[in-house]
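Okay, structure first, notes after.
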Protein chains: 2
Amino acid sequence: MVAGSSRTLSDQLFKQLQQAIVRGDIPANTRLSETSLASQYGVSRGPLREAIHRLEGRRLVVRTPHSGTRVVSLNHEELIHIYQVREVLEGLACRLAAKNMTEDQVADMYTLLDEHSQQVDFREGVAYFQAEGDLDFHYRIVMASGNQRLIDNLCGELYHLVRMYRYQTSTSPRRPEKAFREHRQIVDALADRDSEMAELLMRRHIRTARLRLERMHTPANNNKEYSESGAVL
Amino acid sequence: MVAGSSRTLSDQLFKQLQQAIVRGDIPANTRLSETSLASQYGVSRGPLREAIHRLEGRRLVVRTPHSGTRVVSLNHEELIHIYQVREVLEGLACRLAAKNMTEDQVADMYTLLDEHSQQVDFREGVAYFQAEGDLDFHYRIVMASGNQRLIDNLCGELYHLVRMYRYQTSTSPRRPEKAFREHRQIVDALADRDSEMAELLMRRHIRTARLRLERMHTPANNNKEYSESGAVL
DNA sequence: TAACAACAAATTGTCGACAATTCTCTGGGC
DNA sequence: GCCCAGAGAATTGTCGACAATTTGTTGTTA
């Protein structure tokens, strides 16, 4: 038991397993054996079962009675569905953030944009940095919304799933710059306290990503799980 | 063990407890003792703990380590937050339903409207019928969206919470008729396959309910749980 | 050779007991 | 009379063992 010293074993296991799944250490569609995992983490089956049940609540694993639990594996359609939900939820987050953000938080957003503007120029490893930076960007706006339920939905569930399924946007290498400009527009709207515009821009920003996903839909990769790779926004 | 014969004890307990909480048989903020509940339902603590963990995933109970779990109790602000999320999610559901609904489903919606139009006239017990009918109306649209994640979010979580916290709209007795007209407009948009209009109307419909909630906010009832009563939409 | 049935192995579901932590109540002191 | 400390009780957390169900295999039969 090395990291994440929570109060109870179940909490520790929950965090460890969640991190392992999101980071890809446990690949999608992997079967989670209770006995082997219990011995692997050096605990009994009781706390491990509870952790798995909580992962099920977060929709990170799927459980079938008497049969076993598997790490969630999204097909093309399910990923599109997630982006549809994400579009409206982040639109709401942006609208609320425009009202509730402090001036300091707005200033921090501009600082973040400056950091990203430097990274966009580097072609090496831009996918990874841009991906993490992008999630950071969205993360901050959601946190500033002040709506705890919205925060839980996005940061506690959807972002984990999105992080699992990042795609290389190989068809359009100029996408990072466009995404960056969109980010700038969004922050400008936040600074202006223009909540309507902020919601509209964020929805369009994510809708763009979804349409890109939909375009790479072929009968071949339908009903087929994706492998982890690059960034989409 | 009388009803809801699921495959496993944990499933049965989960459904029973969820129903008991939503229907108000177990009031909000009630402390759930594992031992007493276990003996009450005639099972061991193991399955009951797992059911409670799943309820925690659905956000119907709140658990504090080593201290116990309580039925969720929403204050005014949290209920507003739920309606904010509901507004955008149901807007999305309506937009998708306008595209995906079959002609038969549209016809069923008109049939449902006819049934409601008769109930609206009855002043006796109109709150209850209107409340259930309203949830039925929204429920069908969400189910027709075809987005499973959206369905889970709304029907599996938010609706249960909304059902727990229904308010008597005592300030405006003419609200049911207005709500009914709004429902009719929404169905018309669905029939026209006008997804933009459908989303806009549904969002406005729920926003109206939220604004009514916000108006009945006073310092007295802030941070105070509400009791179950009538309908808001 | 293919299909079906019975058996065996593995895995999950359930239970009761023990350990650790928290809350409460009582007693003493200021 | 009020506050703090400590012991006790109650509740939750954890564990190992047993029971029930599913799955894979093997053997038989058409």
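Throughout, protein chains are lettered first and strands after them, A, B, ... in sequence-line order, and every chain is numbered starting at 1. No hydrogens, no waters, no symmetry mates; every other heavy atom, side chains included, goes into these values.
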Those residues that, when tested against A/Arg70, pass salt bridge (charged side-chain N to carboxylate O under 4.0 Å, His left out) (two or more places apart):
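Listed in chain order: nothing, the list is empty.
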
Taking salt bridge (charged side-chain N to carboxylate O under 4.0 Å, His left out) as the test, write out the residues that go with A/Glu199, two or more places apart.
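So A/Glu199 forms a salt bridge (charged side-chain N to carboxylate O under 4.0 Å, His left out) with A/Arg95, B/Arg203.
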
Is the side chain of A/Tyr165 donor-acceptor paired with the backbone N or O of A/Leu74 at a distance under 3.5 Å, no angle test?
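Pair found, side chain donor or acceptor close to backbone of A/Leu74.
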
So what does B/Leu32 hit on the nucleic acid, given a heavy-atom distance under 4.0 Å: a base, only sugar-phosphate, or nothing?
sugar-phosphate

Just call it for A/Gly46: base, sugar-phosphate, or nothing, with non-hydrogen atoms closer than 4.0 Å on any strand.
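Counting heavy atoms under 4.0 Å across all strands, no contact is made by A/Gly46.
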
Rounded to the Å, how far apart are A/Arg70 CZ and C/dT11 P?
13 Å

May I have the distance from A/Arg63 (atom CZ) to C/dT11 (atom C1'), rounded to whole angstrom?
13 Å

List for me each residue that meets side chain to side chain contact (heavy atoms under 4.5 Å, CB included) alongside B/Ala198, sequence neighbours excluded, and say none if there are none.
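If we apply the side chain to side chain contact (heavy atoms under 4.5 Å, CB included) test to B/Ala198, skipping adjacent residues, the hits are B/Cys94, B/Ala98, B/Ala189, B/Leu190.
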
With B/Phe137, which residues qualify under ring-ring contact (aromatic ring centres under 6.0 Å, His included), at least two apart?
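ring-ring contact (aromatic ring centres under 6.0 Å, His included) list for B/Phe137, sorted by chain: B/His183.
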
Ignoring hydrogens and angles, write down the donor-acceptor pairs under 3.5 Å from the side chains of residues 45-55 of chain B, residues two or more places apart or on other chains.
{"from": "B/Arg45", "atom 1": "NE", "to": "B/Glu34", "atom 2": "OE1", "distance (Å)": "3.1"}
{"from": "B/Arg45", "atom 1": "NH2", "to": "B/Glu34", "atom 2": "OE1", "distance (Å)": "3.1"}
{"from": "B/Arg49", "atom 1": "NE", "to": "A/Glu50", "atom 2": "OE2", "distance (Å)": "2.6"}
{"from": "B/Arg49", "atom 1": "NH1", "to": "B/Glu34", "atom 2": "OE1", "distance (Å)": "3.3"}
{"from": "B/Arg49", "atom 1": "NH1", "to": "B/Glu34", "atom 2": "OE2", "distance (Å)": "3.0"}
{"from": "B/Arg49", "atom 1": "NH2", "to": "A/Glu50", "atom 2": "OE1", "distance (Å)": "3.2"}
{"from": "B/Arg49", "atom 1": "NH2", "to": "A/Glu50", "atom 2": "OE2", "distance (Å)": "2.9"}
{"from": "B/Glu50", "atom 1": "OE1", "to": "A/Arg49", "atom 2": "NH2", "distance (Å)": "3.2"}
{"from": "B/Glu50", "atom 1": "OE1", "to": "A/His53", "atom 2": "NE2", "distance (Å)": "3.1"}
{"from": "B/Glu50", "atom 1": "OE2", "to": "A/Arg49", "atom 2": "NE", "distance (Å)": "2.6"}
{"from": "B/Glu50", "atom 1": "OE2", "to": "A/Arg49", "atom 2": "NH2", "distance (Å)": "2.9"}
{"from": "B/His53", "atom 1": "NE2", "to": "A/Glu50", "atom 2": "OE1", "distance (Å)": "3.1"}
{"from": "B/Arg54", "atom 1": "NH1", "to": "B/Asp11", "atom 2": "OD1", "distance (Å)": "2.5"}
{"from": "B/Arg54", "atom 1": "NH2", "to": "B/Asp11", "atom 2": "OD1", "distance (Å)": "3.2"}

Closer to the 5' end of DNA chain D via nearest nucleotide, is it A/Ser10 or A/Arg45?
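Its nearest nucleotide being more 5', the pick is A/Ser10.
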
Opening and closing nucleotides of DNA chain D in contact with chain B, under 4.0 Å to non-hydrogen atoms:
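The footprint of chain B covers D/dT11 to D/dT22.
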
